[in-house]
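For the numbers below, each heavy atom of this structure counts, side chains included, while hydrogens, waters and symmetry mates do not.
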Amino acid sequence: MRLRSSRPAITVVLLVLPCLTAMAVPLYARAEPRLAGVPFFYWYQFGCLIVTVLCLSVALRLHREDA
């Protein structure tokens, strides 16, 4: 029963997390290290995209179960 009351807070965290990772520009505004010749900037952005999709999917499920 306690998990049900914390669902809105978890949903908010899941929605804010992708925004914060994308706004941390000094963290990823560099070329090194490279992964298969691809600069860090590009694979960090691709990783953020995957994390965003996962966070939004979980947030949507939590929201639908709560309603």
Side-chain angles (χ1 to χ4, degrees):
M1 191 62 133
R2 188 164 200 205
L3 179 63
R4 173 162 255 144
S5 64
S6 65
R7 280 187 181 163
I10 294 170
T11 303
V12 168
V13 169
L14 288 170
L15 293 174
V16 170
L17 183 66
C19 295
L20 293 177
T21 58
M23 292 186 335
V25 176
L27 177 68
Y28 62 87
R30 54 195 164 112
E32 298 295 329
R34 294 180 180 267
L35 181 65
V38 178
F40 180 73
F41 176 81
Y42 293 110
W43 58 268
Y44 180 86
Q45 289 293 314
F46 186 70
C48 281
L49 178 68
I50 293 169
V51 169
T52 301
V53 169
L54 292 173
C55 286
L56 291 177
S57 298
V58 172
L60 181 62
R61 283 184 188 229
L62 287 174
H63 181 70
R64 283 186 177 169
E65 288 176 4
D66 202 31

Student: How many angstroms lie between atom OG1 of Thr52 and atom CD of Gln45, to the nearest 0.5 angstrom?
Tutor: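 The distance works out to 9.0 Å.
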Student: Can you measure from CG (Leu49) to CG (Leu54) and round to the nearest 0.5 angstrom?
Tutor: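 Output value for this atom pair is 9.5 Å.
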Student: Looking at every non-hydrogen atom in both residues, tell me the closest pair between Gly37 and Arg34 and how far apart they are.
Tutor: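 Nearest pair, atom of Gly37 first, then Arg34: O-NH1, 3.4 Å.
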Student: Pick one: which of Leu60, Leu56, Leu62 meets side chain to side chain contact (heavy atoms under 4.5 Å, CB included) with Val58?
Tutor: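 Testing Val58 for a side chain to side chain contact (heavy atoms under 4.5 Å, CB included) against Leu60, Leu56, Leu62 leaves exactly one candidate, Leu62.
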Student: Phe40 vs Tyr44 aromatic rings, parallel, tilted or perpendicular, using cut-offs 30° and 60°?
Tutor: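 If you compare the ring of Phe40 with that of Tyr44, the planes turn out tilted.
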Student: From Thr11 OG1 over to Arg61 CZ, what is the distance, rounded to the nearest 0.5 angstrom?
Tutor: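 Rounded to the nearest 0.5 Å, the OG1-CZ separation comes to 13.0 Å.
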Student: Nearest 0.5 Å, please: how far is SG in Cys55 from CD1 in Ile10?
Tutor: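 The distance works out to 12.0 Å.
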Student: Give a yes or no on whether the backbone of Trp43 and the side-chain of Tyr28 come within a donor-acceptor separation of less than 3.5 Å.
Tutor: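 It does not hold such a pair.
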Student: So if you build clusters from Ile, Leu, Val, Met, Phe, Trp, Tyr with side-chain heavy-atom gaps below 4.5 Å, do Ile50 and Tyr42 land together?
Tutor: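 Each belongs to a different hydrophobic cluster.
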Student: With clusters defined by side-chain heavy atoms of hydrophobic residues (ILVMFWY) lying less than 4.5 Å apart, directly or transitively, does Leu27 cluster with Val25?
Tutor: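 Linked within one cluster.
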